[in-house]
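Notes for the one structure printed next.
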Amino acid sequence: MLTKEKFLELHKTGFIIRTVDNIIEEGLRNNQFFALHYPVRGQELISASLGLNKIEGDKIISTYRCLGDLIGFGGSFYKYLAEIMGRKDGISGGKGGCMHICSPENGLLATTGIVGGGLAIACGAALAIPDNKDNIVSVTFGDGATTTGAYHESMNIAGMWQLPVLFVCINNGYALHTRLAKITANTNLHSKSSPYGIRGFYADVLKPDVLHTIISGCVEYVRNNRSPAFLEISSPRLHGHMAGSTTEYMNLPQGSEMDQMDSLAILRKMIVNLYDNERELSDAEQLIHNEIASAYDMAFNSPYPDAQDLLSEVTGRLE
């Protein structure tokens, strides 16, 4: 059983991620700004748990669905909001959006829109860790990435060279808009690591306390053994592939059924039942909501990049 402190830390980070996710979708629906946005609703606790297990010097590589990983590793949600609005204060100066952000000071080295592309980057980052350091590199990716060549090449290198990489496969059952079972014969994804000599683990996001225990165990395994591990996390998708996407191809739960598939709602209920602190949680959530609403307004009213900013940090341009 986790301590009350751990439960509350997981809930706080998960709720921050959820609230930022929601306010972005609301802004898009109201046509306040335009951006590509890939919701992370339902998988917030994965990022929160990875962040709680981070030590100074650890790195993470994410995908275009990177909001949770950034916040989980301590990144600024104000800078993320400014980035996705195309503002100068954004993490990448308003020029990258969710597919091209990094926050080295927090350990987030890269996000990528190339399915499976982050795994090779993670191997390179792990190879660069000095022998006298016990840091690790985590890389998050979707179930669809396990069908790519980059996945197999990265797993082979990590296994052969015993790189300290934690491969975190978030299995939401869909590769973009296609059910996983339609594109791969083996849907038992954590078993796909064994041919490369990499130990596989499995967790279910709908069991938040067990999820955190397993993630912590995987991090400890990689850190102590200086060898890779593969963790498949079952995490039902509670939304379309991206903001504005159709969900007709999905069988989404409705009403109260959604709470049974929502890991953050499950965690909240567990905390209330264990510690009888509904008021404490509600007060904390209201403070978080107010802080994020203020950050949203600040980002929305911040300036766009100047003309000269648009040409800076661009490679390969003609003088």
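Position 1 is the first residue of the sequence; numbering continues from there. This structure is a prediction, so every number in the text was calculated from the model and none was measured.
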- Message: Do Leu81 and Ile23 have side chains that approach each other closer than 4.5 Å (heavy atoms only, starting at C-beta)?
- Response: yes
- Under a 4.5 Å cut-off applied to non-hydrogen side-chain atoms, are Ile84 and Leu67 in contact? no
Could you pull out all donor-acceptor pairs under 3.5 Å where a side-chain atom in residues 149-157 meets a protein atom, sequence neighbours excluded?
residue: His152; atom: ND1; partner: Tyr196; partner atom: OH; Å: 2.7
residue: Ser154; atom: OG; partner: Ala120; partner atom: N; Å: 3.1
residue: Ser154; atom: OG; partner: Ala150; partner atom: O; Å: 2.8

- Message: Is any side-chain heavy atom of Tyr80 closer than 4.5 Å to one of Cys66?
- Response: yes
- Report the residues that fulfil side chain to side chain donor-acceptor pair (under 3.5 Å) with Glu83, sequence neighbours left out, ordered by chain and then residue number. none
Below 3.5 Å, can you tabulate the donor-acceptor pairs from side chains in residues 54-63 to any protein atom, sequence neighbours excluded?
residue: Lys54; atom: NZ; partner: Phe73; partner atom: O; Å: 2.9
residue: Lys54; atom: NZ; partner: Asn106; partner atom: O; Å: 2.8
residue: Asp58; atom: OD1; partner: Asn135; partner atom: ND2; Å: 3.0
residue: Asp58; atom: OD1; partner: Ile136; partner atom: N; Å: 3.1
residue: Asp58; atom: OD1; partner: Arg223; partner atom: NH1; Å: 3.1
residue: Asp58; atom: OD2; partner: Ile55; partner atom: N; Å: 3.1
residue: Asp58; atom: OD2; partner: Arg223; partner atom: NH1; Å: 3.3
residue: Asp58; atom: OD2; partner: Arg223; partner atom: NH2; Å: 2.7
residue: Ser62; atom: OG; partner: Asp69; partner atom: OD2; Å: 2.7
residue: Thr63; atom: OG1; partner: Arg65; partner atom: N; Å: 3.0

- For Ala175 and Asp143, the nearest pair of non-hydrogen atoms, with its separation, is N-OD2, 3.8 Å
- pair Asp306-Lys88: side-chain heavy atoms closer than 4.5 Å: yes
Would you list the atom pairs, donor with acceptor, under 3.5 Å between side chains in residues 203-214 and any protein atom, with sequence neighbours excluded?
residue: Asp204; atom: OD1; partner: Leu206; partner atom: N; Å: 2.9
residue: His212; atom: ND1; partner: Ser49; partner atom: OG; Å: 2.6
residue: Thr213; atom: OG1; partner: Asp209; partner atom: O; Å: 3.1

- Note on the structure: dist Ile71:CD1 -> Ser103:OG (nearest 0.5 Å) comes out at 11.0 Å
- Item | Heavy atoms of other groups near Glu248 CD, more than 12 under 6.0 Å | no
- Hey, could you give me each pair passing salt bridge (charged side-chain N to carboxylate O under 4.0 Å, His left out) that has a residue in residues 3-14? Not counting sequence neighbours. Lys4-Glu280
- Could you pull out the closest heavy-atom pair between Pro39 and His37, with the gap in Å? CD-O, 3.5 Å
- Message: Applying side chain to side chain contact (heavy atoms under 4.5 Å, CB included) to Phe167 and Cys123, what does each step give before you reach the verdict?
- Response: CA-CA 10 Å; Phe167 295 95; Cys123 289; 4.2 Å; yes
- Query: Which atom pair, heavy atoms only, marks the closest approach of Ser92 to Cys102?
  - Reply: OG-N, 4.2 Å
- Task: Identify whether Met160 and Ile129 are in the same connected component of the hydrophobic contact network (ILVMFWY, side-chain heavy atoms under 4.5 Å).
- Result: yes
- Give a yes or no on whether Tyr221 and Leu166 share a hydrophobic cluster (residues Ile, Leu, Val, Met, Phe, Trp, Tyr; joining criterion: side-chain heavy atoms under 4.5 Å apart). yes
- Task: Check whether any side-chain N or O of Thr187 sits under 3.5 Å from a backbone N or O of Leu180 as a donor-acceptor pair, and report yes or no.
- Result: no
- Atom CD1 in Ile271, atom CD1 in Ile266: separation rounded to 0.5 Å? 12.5 Å
- Considering non-hydrogen atoms only, spot the tightest contact between Thr13 and Gly72 and give its length. CG2-CA, 4.1 Å
- Query: Under 4.5 Å between side-chain heavy atoms, hopping through other hydrophobics if needed: is there a path connecting Leu281 to Phe15?
  - Reply: yes
- Query: Checking side chain to side chain contact (heavy atoms under 4.5 Å, CB included) for the pair Leu50/Thr140: CA distance, chi angles, key distance, verdict?
  - Reply: CA-CA 10 Å; Leu50 286 170; Thr140 57; 3.9 Å; yes
- Task: Tell me, yes or no, whether the heavy-atom count around Ile114 atom CD1, taken from other residues, nucleotides or ligands under 6.0 Å, exceeds 12.
- Result: no
- Query: What class does the angle between the rings of Tyr38 and Tyr64 fall in, given that below 30° is parallel, 30 to 60° is tilted and above 60° is perpendicular?
  - Reply: tilted
- Quick note, salt bridge (charged side-chain N to carboxylate O under 4.0 Å, His left out) partners involving residues 107-135, not counting sequence neighbours, are none
- On a heavy-atom basis, the closest approach of Ala125 and Leu109 is CB-CD1, 3.7 Å
- Message: Nearest 0.5 angstrom please: Asn172 CG to Gln43 CD, how far?
- Response: 7.0 Å
- Sequence neighbours left out, what passes side chain to side chain donor-acceptor pair (under 3.5 Å) with Tyr78? Give chain and number order. Asp89
- Query: For the side chain of Thr111 and the backbone of Met99, is there at least one donor-acceptor N/O pair under 3.5 Å apart?
  - Reply: yes
- Message: Using every non-hydrogen atom in the two residues, find where Ala126 and Leu163 come nearest and quote the distance to one decimal.
- Response: CB-CB, 4.0 Å
- Item | Inter- and intrachain pairs under salt bridge (charged side-chain N to carboxylate O under 4.0 Å, His left out), touching residues 255-276, at least two apart | Arg18-Asp262, Arg268-Glu278, Arg268-Glu285
Which donor-acceptor pairs under 3.5 Å do the side chains of residues 293-301 make with protein atoms, sequence neighbours left out?
residue: Ser294; atom: OG; partner: Asn290; partner atom: O; Å: 3.1
residue: Tyr296; atom: OH; partner: Gln32; partner atom: OE1; Å: 2.3
residue: Asn301; atom: ND2; partner: Asp297; partner atom: O; Å: 2.8

- Item | Listed once per pair and sorted, the salt bridge (charged side-chain N to carboxylate O under 4.0 Å, His left out) pairs that draw on residues 22-43, sequence neighbours left out | Glu25-Arg41
- Query: Got a donor-acceptor contact below 3.5 angstrom from the Glu220 side chain to the Cys218 backbone?
  - Reply: no
- Query: Using links of under 4.5 Å between side-chain heavy atoms of ILVMFWY residues, direct or through other members, which residues join Met250 in one cluster?
  - Reply: Tyr174, Tyr249, Leu252
- Query: Is the shortest heavy-atom distance from the side chain of Thr184 to the side chain of Thr146 under 4.5 Å?
  - Reply: no
- Note on the structure: Output for pair (Leu28 CG, Phe33 CZ), nearest 0.5 Å, gives 4.0 Å
- Rounded to the nearest 0.5 Å, what's the gap from CG on Leu189 to OG1 on Thr147? Could you check? 9.5 Å
- Inspect the surroundings of OH in Tyr275 and state if more than 12 heavy atoms from other residues, nucleotides or ligands are less than 6.0 Å away. yes
- Query: Listed by chain and number, what are the side chain to side chain donor-acceptor pair (under 3.5 Å) partners of His190, not counting sequence neighbours?
  - Reply: Asn188, Glu232
- Query: Does the side chain of Asn277 come within less than 4.5 Å of Leu8's, by heavy atoms?
  - Reply: yes
- So is Arg199 actually on top of Phe230's ring, under 6.0 Å and inside 45° of the axis? no
- Query: Under 4.5 Å between side-chain heavy atoms, hopping through other hydrophobics if needed: is there a path connecting Ile198 to Ile215?
  - Reply: no
- Item | 4.5 Å side-chain heavy-atom contact, Ser47 and Ile17 | yes
- Note on the structure: Here the gap from Leu264 atom CG to His11 atom NE2, rounded to the nearest 0.5 Å, amounts to 5.0 Å
- Can Ile170 be reached from Phe141 by stepping across I, L, V, M, F, W or Y side chains whose heavy atoms are under 4.5 Å apart? no
